[in-house]
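Letters A, B, ... mirror the listed sequences (proteins, then strands); counts begin at 1.
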Amino acid sequence: MRHMQILKAVVEPLIEQALAQVGITNDHWRSMLAPSRELDQGDLSLPCFPFAKQLGKAPPAIAEALAEAMATHEAVGEVNAVGGYLNIKASPTWLASTILQSPQTHGHPFGQCQPTGRRILIEHTSANPNGPFHVGRARNAILGDSLVRLHRLYGNEVRAEYYVDDMGKQVGVLAWALKHLSHEDVEATLEGREALNPKWKGKADHERVRWYQAAQVIRQERADKEAIEQEIGRMVHASEHGDQDVLDDFQAAYQPVLDGMLTTLARLGINFDTFTKESMFVTNGDVSRLMEQFRGFDIHGTADNGAEFLDLGARGLKGKTEFFFRRGDGSSLYATRDIAYHMWKWQQCDDLINVLGEDHKLQAKQVGMTLTELGQKVPEVMFYSFIKLPEGKMSTRKGNVVFMDDLLEEASEQAAAVVGVLRPDYEEEEVKAIADAAGTSAVRFNIIKVSPEKGFTFRWEEALAFEGGSAPFVMYSHVRACSIVRRCESEGIDVDAEMSKVVNSIPTEMSSGMVGLLRSIAVHNDVLAKAVNDCRPHLFANQLLNLATCFNSFYRDCMIVIDGEVNTFNLQVSEVARRLMRTGMEGLGIAPIEHM
RNA sequence: GGGCGUGUAGCAUAGCUGGAUAAUGCGUUGGCCUCCUAAGCCGAAGAUCCCGGGUUCAAAUCCUGGUACGUCCGCCA
């Protein structure tokens, strides 16, 4: 259902003919034919300024001449020339009948594109399992999951993957703390800091992070800190050489934390298909084989202490060009394992997408260049800028964090307060269900709707905004569409039967609400395609907002049931919009509830 | 110091493969519920698109030089 492309395909030959009549035969104009800015200007516009020179005529005159020369077509409603622009307006009747006759209007996976057969592996989040999810980490998870959902909506076969960092210092510290510190030790060390929120008692990510935090303090302050550092160092070293006992200890330490984090993510509708442990590439020998292979490269180098690197300067990398892949003691580095991981991932998909914070840009560049060196493809990466607090950067260490669990609680509570005022007659249980859906969706949408590279400052009042350009706004439009269906049913109207009717008397005069909605429906899947192919979910968020806004105007202008009589045309358009809203909401992880 | 990113009404953003009067939400402000949910709709006010230079018939958009902020420049992960 990509109607704007259909329109363009219809209009292009007409324009080509008209241009030929006027005396233009080259092809440059094709890229200039673009969607118009304003609805009253038309749907497609062609600026005529570039033709002025070669024709020796003023642009407005050329536009006039083109408008004259344009052949008529059922898809083209109106052609006019305004100030050097040739404006072409689609016939609303044509638009409506194309939309309603589209196979997807009647088929089941409505609003969904055809399966493409492409297998995409999207790796996102992959946060270190050492503490609860905070909103600083949330952008990765929310953007990544939206990408997963949008790719599925588009028809791709997607696997959502979490790379578990199960070795190295962070987990090492956690494991050490859990082994050596008692509950009392921890509380004594953290005295004066914010206590564990009683609400999260029993949730391992919240409980165990206190051990981690206490260890961080002790590593700085305690008298035997050197001995501690040595012990942690030994464990980390063992893990990096694939010592299975140590890795098992580590897993026992982090797994409950990871499970707690995943519980939080699940509340936001974020789930993963597969988890891959970093240590796998050490224990299965991939990493050592890889390091051997690097030795044969002409850009390979060795430092004084035996550490090894690739000199990527020879491949055009600027700045510090030595990319170390092996320490002096022979162990591998994070990036080395990451390369082994990528080679493994490439065996399982057609396209690879990683979601990474902007701090990983250099790292990703190095990994990408090394993959090229290995004859591998380079993954596509979506980078995002960090979420910070008005007071500055979020840091678990400093304690200025907003935990996702707390944010979601707050979101539910505030949403419940709103629902309580707006719907005083609802049962408590009903209010809670609506508030949960609205709250978590609002938090997600608030993050999705801005472009990832933009810096983001977390503000409660924005995260919990329930009107205007928010998730509840979209949800509300969808609910209205649902209530139309309910209304039809209560009037004894068979909606399925109405939907399968062929409307042969599409009105020639339509309200602005109707035309606006048809236009929004027409571009919907074009925007989806762009959002997916360019890795920019916010484009689709904006489209969904636009669709909801247009639906609200349509709702004002077009009654569907009057005195028990149904207007079949209006109902069909409403249903198309409703299902597009529903699938679109699912594509962004907004709860498509039918009542609120 | 070098690389990358960002700078658009009071606030938060969209627009960045050049095209018309710079779009949206919040906030401010005026209207709309005998009618499918007013979490809505219709209107008003509000902009030196960070600054300078350049390319072009045309620049928020491209080039260049500044500037402010973020981020990276471990044999950490």
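With B:C75, B:A77, B:A39 as the candidates, the nucleotide lying closest to the side chain of A:Q170 is B:A77. Side chain of A:K320, nearest nucleotide from B:C75, B:A77, B:G19: B:C75. With B:U71, B:A39, B:A14 as the candidates, the nucleotide lying closest to the side chain of A:L422 is B:A39. Ranking B:A39, B:A12, B:G19 by closeness to the A:P50 side chain, first place goes to B:G19. Distance from the side chain of A:F466 is smallest for B:A39 among the nucleotides B:C41, B:A20, B:A39. Of the candidates B:U17, B:G5, B:A14, B:U17 carries the atom nearest the A:K530 side chain, counting heavy atoms from C-beta on. Of the candidate nucleotides B:G3, B:A12, B:C75, B:G3 has the atom nearest to the side chain of A:K318. Out of B:C75, B:U13, B:A20, the shortest distance to the side chain of A:F324 is found at B:C75. Counting only heavy atoms from C-beta on, A:E467 has its side chain closest to B:A39 among B:A39, B:A77, B:C75. Listed candidates were B:C73, B:G40, B:C42. Nearest to the side chain of A:L362 is B:C73.
Base engagement by A:M596 is indicated by at least one non-hydrogen atom pair under 4.0 Å involving a base atom. At a threshold of 4.0 angstrom between heavy atoms, the contacts of A:H538 are confined to the sugar-phosphate backbone, with no base atom among them. No engagement by A:G83 is indicated, since no non-hydrogen atom pair under 4.0 Å with the nucleic acid exists. A:D338 comes within contact range of no nucleotide atom at all, as no heavy-atom separation falls under 4.0 Å. Nucleic acid contact class of A:C558 (heavy atoms, under 4.0 Å, all strands): base. Counting any heavy atom pair closer than 4.0 Å across all strands shown, A:E358 reaches a base atom. At a threshold of 4.0 angstrom between heavy atoms, the contacts of A:S574 with the nucleic acid are absent. When heavy atoms are screened at a 4.0 angstrom cut-off, A:I434 is found touching base atoms of the nucleic acid. Residue A:K53 is in sugar-phosphate contact alone, with no base atom involved, counting any heavy-atom pair closer than 4.0 Å across all strands shown. Counting non-hydrogen atoms under 4.0 angstrom, A:N305 reaches a base of the nucleic acid. A:V419 comes within 4.0 angstrom of a nucleotide base, judged by non-hydrogen atoms across all strands. Here A:Q363 lies in heavy-atom contact (under 4.0 Å) with a base. Across all strands, A:L333 comes closer than 4.0 Å only to sugar-phosphate atoms, never to a base (heavy-atom distances). Residue contacts shown for A:F473 are limited to sugar-phosphate atoms, with no base heavy atom under 4.0 Å away.
Nucleotides B:C11 and B:C72 have their P atoms positioned 27 Å apart, rounded to a whole Å.
Contact annotation: A:N552 does not reach the phosphate of B:G40 (side-chain N/O to OP1 or OP2, under 4.0 Å). At least one side-chain nitrogen or oxygen of A:R327 sits closer than 4.0 Å to the OP1 or OP2 atom of B:C76.
In this structure, B:G74 shows a glycosidic angle within 90 degrees of zero, which is the syn conformation.
Between A:H237 and A:H241, the two ring planes are tilted [angle within 30° to 60°].
Nucleotide B:U61 holds its C1' atom 14 Å from the CD atom of A:E453, rounded to whole Å. Counting to the nearest Å, the P atom of B:G5 and the CE atom of A:M382 are 17 Å from each other.
Here the shortest heavy-atom pairing between A:I484 and A:S574 reads CD1-OG, 3.7 Å.
For B:A20, the base is stacked against the aromatic ring of A:Y85, per a cut-off of 5.5 Å between centres and 30° between planes.
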Evaluate the criterion salt bridge (Lys or Arg N to Asp or Glu O under 4.0 Å) for residue pair A:E292 and A:R295; output intermediate values, then yes/no. CA-CA 5 Å; A:E292 280 311 305; A:R295 285 193 164 159; 3.3 Å; yes
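Of the charged side-chain nitrogens involved, at least one lies within less than 4.0 Å of a carboxylate oxygen, so that A:R578 and A:E575 count as a salt-bridged pair. Look at A:E430 and A:R423 and you find no salt bridge, because none of the NZ, NE, NH1 or NH2 atoms lies under 4.0 Å from a carboxylate O. Ion pairing between a basic and an acidic side chain is recognised when a charged N comes within 4.0 Å of a carboxylate O; A:K432 and A:D436 show such pairing.
Comparing A:P452 and A:L545, the nucleotide of RNA chain B nearest to each residue sits closer to the 5' end for A:P452. Taking for each of A:V236 and A:V561 the nucleotide of RNA chain B with the nearest heavy atom, the 5'-most of the two is the partner of A:V561.
Taking the centre and axis of the six-membered ring of A:Y384, the NZ or CZ atom of A:R139 falls outside the cone set by 45° and 6.0 Å.
Ring to ring, A:F309 and A:F294 are not that close: their centroids are 6.0 angstrom or more apart.
Within the shown strands, B:G19 is the pairing partner of B:C57 under the Watson-Crick or G-U definition, both distances less than 3.5 Å.
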